[in-house]
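I have placed the structure first, in the form of structure tokens, so that the comments after it can refer back to it.
When reading the values below, keep in mind they use all heavy atoms of this one structure, side chains included, and skip hydrogens, waters and symmetry mates.
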Amino acid sequence: MRRNMDKHNYSAPVSLKNIQVTDTFWKGEMELVRKEVIPYQWDALNDRVEGAAPSFCMHNFKAAGKLNREKKEKGNTFIAPKYTFRGFEVLPEDPKQLKDDEFYGFVFQDSDFSKWIEAVGYSLTQHPDPELEKIADGAIDIVCAAQQDDGYLDTYYILSGRDATFTNLKDHHELYCFGHLIEGAVAYFQATGKDKLLKAAERFADYVAANFGTEEGKLHGYPGHEIAEMALVRLYELTGKEKYLNLARYFVDERGKRPYYFDQEHPEEVKKGHEDELRYFYNQAHLPVREQDEAFGHSVRAVYLYSGMADVARLTGDETLYGACRRLWDNITEKKMYVTGGIGSTHLGEAFTYAYDLPNDTAYAETCASIGLVFFARRMLEIAPEARYANVMERALYNGVLSGMALDGKSFFYVNPLEVLPEACHKDERKFHVKPVRQKWFGCACCPPNLARLLSSIGSYAYTENEDTLFLHLYMGSTLEKKIGEKTADIRVESNFPWEGDVKITIRAKDTGLKLALRIPDWCSRYELDGFTGGTEEKDGYLYLQKDWGEEEEFTLHFPMEVRMIAAKEAVREDIGKVAVMRGPVVYCLEETDNGKDLQKLLIDPELNVTVSDGNICGTPVKKLTAAGFRQLDTHIEKESEALYHVWKKPEFEKAELSYIPYYTWANRGENEMQVWTRVRD
């Protein structure tokens with residue numbers, strides 16, 4: 001349904017300084033990030049994790065800082081490096097003997113620091129930590145020492161040769177690293193009030209703004225890997241400087257225009273006689289963004305772009321841009337999204353393919369892609385509070401995002417499949433990208449720090465606000481303050497999501513005029529509201545509450561968490577005749593540890609005779625499901641027992657109990673089979 005933007009519906013994330021997450025589930029995840037992941041990642045950035053792929057990240061900043069010092073010392077006698085392409089990933093000849101003036105790692109290695117410092121900033125808002133802040137300040141000193149006099153700050157080109165700056169926007173991630181630097185700088189400033197990194201980010205932004213634009217003499221390019229668009233919006237909203245919003249809008253508007261900018265960089269990609277064909281689908285640059293209605297290419301880049309588009313649409317009132325965002329959202333969530341909230345179904349380019357192509361055992365579903373989908377969802381919610389955005393956000397968070405990190409916070413999945421046979425992961429080249437156990441780290445380490453920054457800021461996804469309304473998108477135990485004019489409302493939310501469906505809300509909002517908008521989850525067929533005596537209205541999947549509040553009032557929402565069997569559209573060939581099991585927002589799976597080998601032989605009873613019980617996975621409390629089902633028996637006769645094929649006969653079954661665990665907890669008990677989709681017994 002076509003809808004226009006209405007500024008009366010706009011909302012903004014509640015400041016993390018006004019929220020304290022008390023939720024058992026999410027506070028546990030945040031504490032895991034604070035105590036385990038952030039320190040672990042700092043060690044990884046400094047190449048101190050034994051057995052993990054080296055990062056080289058802080059090495060590069062130190063090397064660039066050293067180069068800066070030499071330049072100042074030598075003055076006119078300093079000879080700057082001349083650019084020579086050494087590969088998309090540069091590895092040392094001897095890992096134990098790094099040269100202190102050379103760049104190592106991927107061209108985007110700087111972004112690992114930026115995501116780490118962003119997570120640190122968010123964590124400090126919830127749990128002040130002087131020692132962590134001291135480490136972060138020291139890291140910031142190292143990074144800022146690498147900045148060039150003109151504001152440029154990308155160690156790949158500083159160390160490899162500034163003469164090639166902005167010559168390969170399509171592939172070399174300068175503007176991607178630039179965007180992450182802004183995100184990290186803003187988060188750290190908002191947490192601590194310290195502006196050293198923020199000033200560095202602004203200087204870099206000023207340099208980029210001076211070099212890009214429609215004016216004659218400027219570059220007419222745009223990022224090959226998006227994120228700068230939404231980062232610049234964030235910098236604009238913090239500083240109020242229009243030039244940053246204008247630059248974000250320029251990057252959005254310029255993308256995909258003819259003649260293609262990337263053709264100028266890469267004329268070799270233009271085949272003779274095919275100049276008019278669409279190109280650069282992988283970079284979402286095949287068409288101007290307002291003409292795009294299908295998600296193509298690298299899935300993380302795509303949702304980062306769409307997030308930036310939504311930001312720019314909101315701030316500029318651009319209806320055509322908003323319309324494109326809605327079309328792209330619908331295309332992803334209705335045709336290209338896994339039941340877990342994973343997106344990007346192929347490892348070839350980490351990309352979207354065609355509608356309903358959602359294979360389970362070769363799924364890519366990168367952790368970062370689900371995180372990006374969460375970004376996109378919240379930005380759509382900021383424009384219009386429609387529950388469909390929050391429903392997907394919730395699904396992705398509890399499933400496609402959390403599955404990317406082990407329960408102890410010390411190992412990670414880049415790829416999140418929905419079916420795994422470990423033997424295939426080791427022996428089938430088509431499935432080498434699928435890992436049966438989480439890895440300590442990655443040379444291309446986008447996912448672990450991305451997880452850390454999202455989980456540390458989870459409160460800003462649960463709640464947004466406008467002048468008089470607080471929107472509860474996720475039910476997360478918290479205490480928060482909301483300003484309404486000169487008055488303050490205090491809200492306390494108590495929840496045991498995702499295991500129980502009761503939510504208790506306590507309000508101290510006398511004479512404030514506070515309104516509440518409470519999402520009605522799509523997994524809930526009915527709900528009850530107890531203890532509230534004011535006016536209610538349902539709209540777009542939200543229950544709006546309004547009344548003259550007393551000194552303190554409380555009420556309770558009841559969302560029954562029924563177990564459901566979910567079927568995919570018949571066009572999803574891999575899932576015909578199968579179901580996924582969900583309880584509340586959580587997707588469940590079968591693991592060999594609980595069910596034995598050959599999970600493909602298991603079938604679930606269509607009557608869904610299921611019991612819910614308390615359990616734990618590696619010490620983590622969860623709800624487990626036990627469902628009545630069957631195991632298919634071998635049907636060939638004895639003399640054909642070694643035959644690959646045999647004459648069909650009606651299959652036979654024996655009764656079996658199917659033990660389901662939450663999908664995000666799989667692979668924490670060693671290497672074993674797993675599957676989400678299970679056949680249904682006729």
Side-chain angles (χ1 to χ4, degrees), residues 5 7 10-17 110-111 114 117-118 121-122 125 140 143-144 146-154 165-166 169 174-223 226-255 289 304-305 307-318 321-322 375 378-379 382-383 453 457 460 464 466:
M5 290 187 288
K7 289 187 176 181
Y10 285 10
S11 65
V14 175
S15 169
L16 289 175
K17 286 194 169 184
D110 286 7
S111 64
S114 299
I117 199 69
E118 187 178 352
Y122 297 141
T125 66
I140 288 170
V143 170
C144 291
Q147 188 164 35
Q148 304 282 278
D149 291 340
D150 58 9
Y152 185 82
L153 184 48
D154 185 294
T165 295
F166 299 143
L169 297 177
E174 282 167 282
L175 296 176
Y176 169 79
C177 291
F178 160 67
H180 271 301
L181 180 66
I182 291 173
E183 294 271 4
V186 170
Y188 197 72
F189 171 75
Q190 289 177 329
T192 66
K194 297 176 180 178
D195 64 357
K196 184 171 185 176
L197 189 63
L198 178 64
K199 286 180 177 177
E202 281 200 71
R203 288 183 61 211
F204 196 3
D206 294 343
Y207 178 82
V208 174
N211 281 275
F212 286 86
T214 58
E215 299 90 341
E216 186 176 349
K218 287 189 173 183
L219 295 169
H220 302 319
Y222 38 83
E226 304 90 333
I227 196 177
E229 299 83 354
M230 58 174 164
L232 283 161
V233 165
R234 194 167 179 197
L235 189 59
Y236 159 72
E237 291 185 315
L238 176 68
T239 66
K241 296 180 181 179
E242 291 281 344
K243 61 182 173 181
Y244 301 139
L245 175 59
N246 291 338
L247 183 57
R249 178 164 49 188
Y250 163 77
F251 283 147
V252 167
D253 289 347
E254 193 68 20
R255 189 172 214 87
V289 296
Y304 282 11
L305 170 64
S307 298
M309 288 166 57
D311 275 338
V312 171
R314 172 175 53 84
L315 289 170
T316 63
D318 191 323
L321 192 56
Y322 177 52
F375 295 163
R378 193 192 69 188
R379 283 159 175 80
E382 288 178 48
I383 298 173
R453 70 185 185 123
S457 60
S460 65
T464 63
N466 60 24

Set out, in order, the CA-CA distance, both residues' side-chain angles and the distance that settles salt bridge (charged side-chain N to carboxylate O under 4.0 Å, His left out) for Glu215 and Lys218, then state yes or no. CA-CA 6 Å; Glu215 299 90 341; Lys218 287 189 173 183; 3.5 Å; yes

To the nearest 0.5 Å, tell me how far [X] [atom1] sits from [Y] [atom2].
X      : Y      : atom1 : atom2 : value
Asp318 : Met5   : CG    : CE    : 6.5 Å
Glu254 : Arg249 : CD    : CZ    : 13.5 Å
Leu315 : Glu382 : CG    : CD    : 9.0 Å
Tyr304 : Tyr176 : OH    : OH    : 5.5 Å
Ile383 : Thr464 : CD1   : OG1   : 12.0 Å
Glu174 : Asp110 : CD    : CG    : 10.5 Å

For [X] and [Y], which heavy atoms make the closest approach, and how far apart are they?
X      : Y      : value
Leu232 : Ala205 : CD2-CB, 4.5 Å
Gly179 : Ile227 : CA-CG2, 3.9 Å
Ala200 : Cys144 : CB-SG, 3.9 Å
Asp154 : Cys177 : OD2-CB, 3.8 Å

Do the rings of Phe204 and Tyr207 sit parallel, tilted or perpendicular, given the 30° and 60° boundaries? tilted

For Tyr244 and Asp206, test the side chains for any donor-to-acceptor distance below 3.5 angstrom and give the result as yes or no. yes

Does the side chain of Arg378 pick up a donor-acceptor pair with the side chain of Ser307 at under 3.5 Å? no

Indicate yes or no: does Arg234 engage Glu237 in a salt bridge with an N to O separation below 4.0 Å. no

Please check if the number of heavy atoms outside Lys194 that lie under 6.0 Å from its NZ is greater than 12. yes

I would like to know whether Glu118 and Tyr188 meet side chain to side chain contact (heavy atoms under 4.5 Å, CB included); could you show each step before the answer? CA-CA 6 Å; Glu118 187 178 352; Tyr188 197 72; over 6 Å; no

Are Phe212 and Phe251 near enough that their ring centres are under 6.0 Å apart? yes

Measure from the side-chain N and O atoms of Gln148 to the backbone N and O of Tyr152, and report whether any donor-acceptor pair falls under 3.5 Å. no

